[in-house]
Amino acid sequence: MPESVGVRQAQAQRTRSGVLEAAAAVFVEQGIQAPVRDIAQRAGVGVGTVYRNFPTRADLVTAVYRHQIDACAALAPGLLEESASPFTALTLWTDAFVDFLVTKHGLGAALGAGDPGLENLHALMLDTLVPACATLLDACAAADELRPGVTAYTLMRAIGNLCITGPDYDQADAKGMVALLLAGYRSKV
């Protein structure tokens, strides 16, 4: 009997993960107000399955972005370990952060909509990503690869402002501007 429960739990987790991945993709394409039926179709499940896992839109949005925030934060230590230098790790991490910011289309409006289920999302992002960025900045400072005085929060705010896309300014433009920003922070080596 325990195997049966374990198999069901594993299937439920796969279903939940599939819904999260589908929702993330649909949110990129259509924004967070996309119809739940589009998310269900992309995940290969029924609409009821989406609602069973995420009873409200706020629950779904929060779960998608929590997953993406955690994934972005988890990149920092691995990049530091695998990269040729801390500055290279910081550059790769900021690329992932830009991807996250640019693809959260519609989240800003949702955060301002007064939905109590979304109120803590901004704090979650700061509480999780600022320490990850600070780890990278500390490593860059220790290697004398950045000018002094760069803080994680300030850098992330600057990156966030550079990631406001529009009809004639897209993700590639944002990445280019962030690369220029990082180059300006780099110590003369």
Side-chain angles (χ1 to χ4, degrees), residues 1-79 81-82 92-133 156 159-160 163-175 178:
M1 187 126 207
E3 275 186 14
S4 174
V5 171
V7 169
R8 282 196 311 259
Q9 287 175 336
Q11 178 58 40
Q13 184 55 44
R14 281 192 299 276
T15 299
R16 182 179 168 83
S17 294
V19 170
L20 286 175
E21 289 173 24
V26 171
F27 290 167
V28 168
E29 295 166 4
Q30 302 178 36
I32 64 168
Q33 296 304 322
V36 172
R37 70 179 174 280
D38 292 356
I39 295 166
Q41 182 178 12
R42 173 82 56 104
V45 299
V47 171
T49 299
V50 175
Y51 283 117
R52 189 169 35 260
N53 283 278
F54 307 100
T56 68
R57 181 172 298 275
D59 292 335
L60 179 59
V61 170
T62 300
V64 167
Y65 289 110
R66 177 182 299 273
H67 178 72
Q68 291 180 331
I69 288 167
D70 290 345
C72 190
L75 283 175
L79 290 172
E81 205 172 285
E82 299 165 4
L92 293 169
W93 187 85
T94 58
D95 267 356
F97 182 55
V98 168
D99 289 342
F100 166 72
L101 291 175
V102 170
T103 59
K104 62 187 193 78
H105 175 67
L107 185 59
L111 290 174
D115 187 330
L118 298 174
E119 287 176 357
N120 295 328
L121 206 48
H122 183 71
L124 171 70
M125 189 170 99
L126 292 178
D127 292 348
T128 306
L129 294 179
V130 169
C133 184
M156 290 175 64
I159 291 170
C163 290
I164 300 169
T165 59
D168 56 351
Y169 182 83
D170 63 13
Q171 187 167 353
D173 296 318
K175 283 190 174 199
V178 170

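Computed from a predicted structure; not experimentally measured.
- Put simply, CZ on Phe54 and OG1 on Thr49 are 11.0 Å apart, with the number rounded to the nearest 0.5 Å.
- Looking only at side-chain heavy atoms (C-beta outward), Phe100 and Asp95 stay at 4.5 Å or farther from each other.
- Between Lys175 atom NZ and Asp99 atom CG the span is 3.5 Å, to the nearest 0.5 Å.
- At least one side-chain heavy atom of Trp93 sits less than 4.5 Å from a side-chain heavy atom of Leu129.
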- Derivation of the side chain to side chain contact (heavy atoms under 4.5 Å, CB included) call for Val61 and Phe27: CA-CA 9 Å; Val61 170; Phe27 290 167; 3.9 Å; yes
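- Using modelled atom types, one finds no donor on one side chain facing an acceptor on the other under 3.5 Å when comparing Arg16 with Gln13.
- Residue Asp173 holds its CG atom at 11.0 Å from SG of Cys163, rounded to the nearest 0.5 Å.
- Using a 4.5 Å heavy-atom cutoff, the side chains of Arg37 and Arg42 are not in contact.
- Checked by atom type, the side-chain pair Asp59/Thr62 shows no donor-acceptor distance below 3.5 Å.
- A side chain to side chain contact (heavy atoms under 4.5 Å, CB included) with Asp70 is found for exactly one of His67, Arg66, Gln68, namely Arg66.
- Donor-acceptor pairing under 3.5 Å is lacking for the side chains of Ser17 and Arg14.
- The two residues Ala76 and Ala132 come nearest to each other via the heavy atoms CB-O, 3.8 Å.
- In Gln41, the CD atom is not crowded: 12 or fewer heavy atoms of neighbouring residues, nucleotides or ligands sit closer than 6.0 Å.
- Here Met156 contributes atom CE and Phe97 contributes atom CZ; the two are 3.5 Å apart, rounded to the nearest 0.5 Å.
- Using a 4.5 Å cut-off on side-chain heavy atoms (C-beta onward), Ile32 and Arg57 make no contact.
- In this structure, Val45 and Ile39 have side chains that are not in contact, with every pair of non-hydrogen atoms separated by 4.5 Å or more.
- Nearest heavy-atom pair, Ala43 versus Gly18, reported as atom, atom and distance to 0.1 Å: CB-O, 3.8 Å.
- Residues Leu20 and Asn53 form no side-chain contact, since every pair of their non-hydrogen atoms from C-beta on lies 4.5 Å or further apart.
- Closest of all the heavy-atom pairs between Leu101 and Gly160 is CD1-CA, 3.7 Å.
- In Glu81, the CD atom is not crowded: 12 or fewer heavy atoms of neighbouring residues, nucleotides or ligands sit closer than 6.0 Å.
- Across Pro77 and Ala73, no two heavy atoms sit closer than the pair CD-O, 3.7 Å.
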